[in-house]
*Asks:* 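The structure that follows is given in the form of structure tokens.
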Amino acid sequence: MTRRPTPGTGPRRGGLPLRLRRSATAWERQRPTWRDARPALIDSALKRALARPSGNWYVLGDARAVRPGAPFGRTVAGVEVVAWRDAGGRLVAGPGACPHLGAPLRDSRVRCGTLVCHWHGLALDGGPFAGWEPFPAYDDGVLAWVRLDEAGGEEPLDRPVLPVRPRAAASVSAVYSGTGVCEPEDVVANRLDPWHGAWFHPYSFVDLTVIGAPGAGAAADVDSGPAGGGDGFTVEVSFKVAGRVVVPVTAVFTAPEPRTVVMHITGGEGAGSVVETHATPLGPDPLGRPRTAVVEAVVAVSHRPGFAAARAAAPALRPLMRAAAARLWRDDLAYAERRWHLRSTGRYPG
């Protein structure tokens, strides 16, 4: 697509990354984006994403949520899963039902790295025992993953398909989790539509321009790194701070695997930061509708000297980062749920 300048931004104020918009455009007067957000283009990008291998890996959730001394349970793709930390702190996972009489292991106890069933005391150390077989598990330092080969049906991979991230020692990370009535593809489709940002989230984004998008016939390969290869969406956008004060950035959206969309900040404040959106199928709700967990990891980095203080204050920052993500996903889950509803009733126009 043709590159357009980001409108309405003035010079930097001092040494800060802030800019003052010279003329604030009313929400209803901003440039319409519906002609650019062509359904065929979004659908083509979605189909390419869904065709990429996942190796049968699914995000369980925040790696910090699997704490030493307590089990973590979640149903993934209809499979009941339990995870915990063994005596060495290693992530282990397996079926969530006790092989003895089916007790919910998520409600059991972990003692010295061993999961002890609270019904009859059957003890699991993470290895095969009494008919219980572990699932491959992976802790990438931010997220916990489980591999479910029967549910995924693909050629398994030794580890998940991971995007490039900033070094853990130089970044601050936080993970938001939410659940919607939709399928993973509806979440992925939402993230592969960057044109909706300033219209749907005016409290957070202004002056959004998509300056690069793959054509409907773009190659199926994708670079999961910041450059995005030839199959990424490149966006210039300003994050709202207060009034007409904004922080402009350039970001690239790519889909390295079928249930993940990654936004890399490639220019402006926070260059190198990433936002990973992972969609994990759960199982049907009581009405038989599909449920999907959105697990979004924000890994922030900055070259500014003051960022060291931010890293030191990470425990206090994480709730704020999660709250910001939750506000956006309140809207974006409504988008995904609406998309699924229209698809399921044969009324989706795309």
Side-chain angles (χ1 to χ4, degrees), residues 15-18 55 57-70 72 83-93 113 136-147 157-177 223-229 232 239 241 247-257 260-278 280 294-326 328:
L16 296 177
L18 307 178
W57 287 97
Y58 299 83
V59 169
L60 270 176
D62 188 345
R64 297 183 189 90
V66 189
R67 304 184 305 272
F72 175 92
W84 72 95
R85 303 283 180 182
D86 67 11
R90 182 178 63 95
L91 178 71
V92 293
Y138 190 86
D139 182 342
D140 66 21
V142 177
L143 300 172
W145 300 72
V146 65
R147 198 181 82 194
L157 297 175
D158 291 338
R159 54 180 282 175
V161 179
L162 299 175
V164 175
R165 287 179 182 159
R167 291 185 302 109
S171 60
V172 175
S173 65
V175 178
Y176 158 81
S177 294
D223 179 355
S224 60
F239 293 94
V241 177
V247 177
V249 302
T250 302
V252 177
F253 292 80
T254 59
E257 58 109 75
T260 298
V261 177
V262 183
M263 180 184 77
H264 286 90
I265 302 296
T266 58
E269 180 62 19
S273 301
V274 300
V275 178
E276 301 174 15
T277 303
H278 302 273
T280 298
V294 174
V295 183
E296 185 160 277
V298 180
V299 187
V301 68
S302 173
H303 69 281
R304 297 183 179 275
F307 192 69
R311 291 201 306 272
L317 285 177
R318 287 190 183 106
L320 300 176
M321 295 166 70
R322 283 194 291 269
L328 291 168

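FYI, the numbering just counts along the sequence from 1. Reckoned from all heavy atoms, side chains included, excluding hydrogens, waters and symmetry mates.
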*Asks:* So which atom in Pro256 and which in Thr254 form the shortest heavy-atom distance, rounded to 0.1 Å?
*Replies:* CD-O, 3.6 Å

*Asks:* Should we say atom CZ of Arg159 is surrounded by more than 12 heavy atoms from elsewhere, each under 6.0 Å from it?
*Replies:* no

*Asks:* Spell out, as yes or no, whether a donor-acceptor pair under 3.5 Å connects the side chain of Arg85 to the backbone of Gly69.
*Replies:*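 Not at all, since once roles are kept as given, no pair shorter than 3.5 Å links the two residues.
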
*Asks:* Heavy-atom distance under 4.5 Å between the side chains of Val252 and Met263, does that happen here?
*Replies:*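 When only atoms from C-beta onward are counted, Met263 and Val252 do not touch, as no gap falls below 4.5 Å.
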
*Asks:* Go through the side-chain N and O atoms of Glu276 and Thr260 and say whether any donor and acceptor fall under 3.5 Å apart.
*Replies:* no

*Asks:* Can you tell if the side chain of Val66 reaches within under 4.5 Å of the side chain of Leu60, non-hydrogen atoms only?
*Replies:* no

*Asks:* Could you pull out the closest heavy-atom pair between Thr266 and Ala251, with the gap in Å?
*Replies:* OG1-N, 4.2 Å

*Asks:* Atom CH2 in Trp57, atom OG1 in Thr280: separation rounded to 0.5 Å?
*Replies:*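 Answer rounded to 0.5 Å: 13.0 Å.
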
*Asks:* Between Ala300 and Ser273, what is the shortest heavy-atom contact and its length?
*Replies:*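 For Ala300 versus Ser273, the nearest heavy atoms are CA-OG, 3.5 Å.
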
*Asks:* Which heavy atom of Ala170 sits nearest to which heavy atom of Arg311, and what is that distance?
*Replies:*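 Closest approach of Ala170 to Arg311: C-CD, 3.5 Å.
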
*Asks:* Out of curiosity, Leu143 CG to Ser173 OG, how far, rounded to the nearest 0.5 Å?
*Replies:* 8.5 Å

*Asks:* How about Val172 and Phe307: do any of their side-chain heavy atoms sit closer than 4.5 Å?
*Replies:* yes

*Asks:* Donor-acceptor pair, Ser171 side chain versus Val301 backbone, under 3.5 Å?
*Replies:*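 Pair absent, no side-chain N/O of Ser171 close to backbone of Val301.
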
*Asks:* Is the backbone of Asp140 close enough, under 3.5 Å, to the side chain of Trp145 for a donor and an acceptor to pair up by distance?
*Replies:* no

*Asks:* Do you know which two heavy atoms are closest between Asp139 and Leu91, and how far apart they sit?
*Replies:* N-CD2, 4.0 Å

*Asks:* Closer than 3.5 angstrom, by distance alone: can the side chain of His264 be matched with the main-chain N or O of Val164 as a donor-acceptor pair?
*Replies:*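 Here the side-chain-to-backbone pair exists.
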
*Asks:* Can you tell me how far the CD atom of Glu296 sits from the CG atom of Asp62, to the nearest 0.5 Å?
*Replies:*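 These two atoms lie 12.5 Å from each other.
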
*Asks:* Donor-acceptor check, side chain of Trp84 to backbone of Val92, threshold 3.5 angstrom: yes or no?
*Replies:*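 No: the side chain of Trp84 does not pair with the backbone of Val92.
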
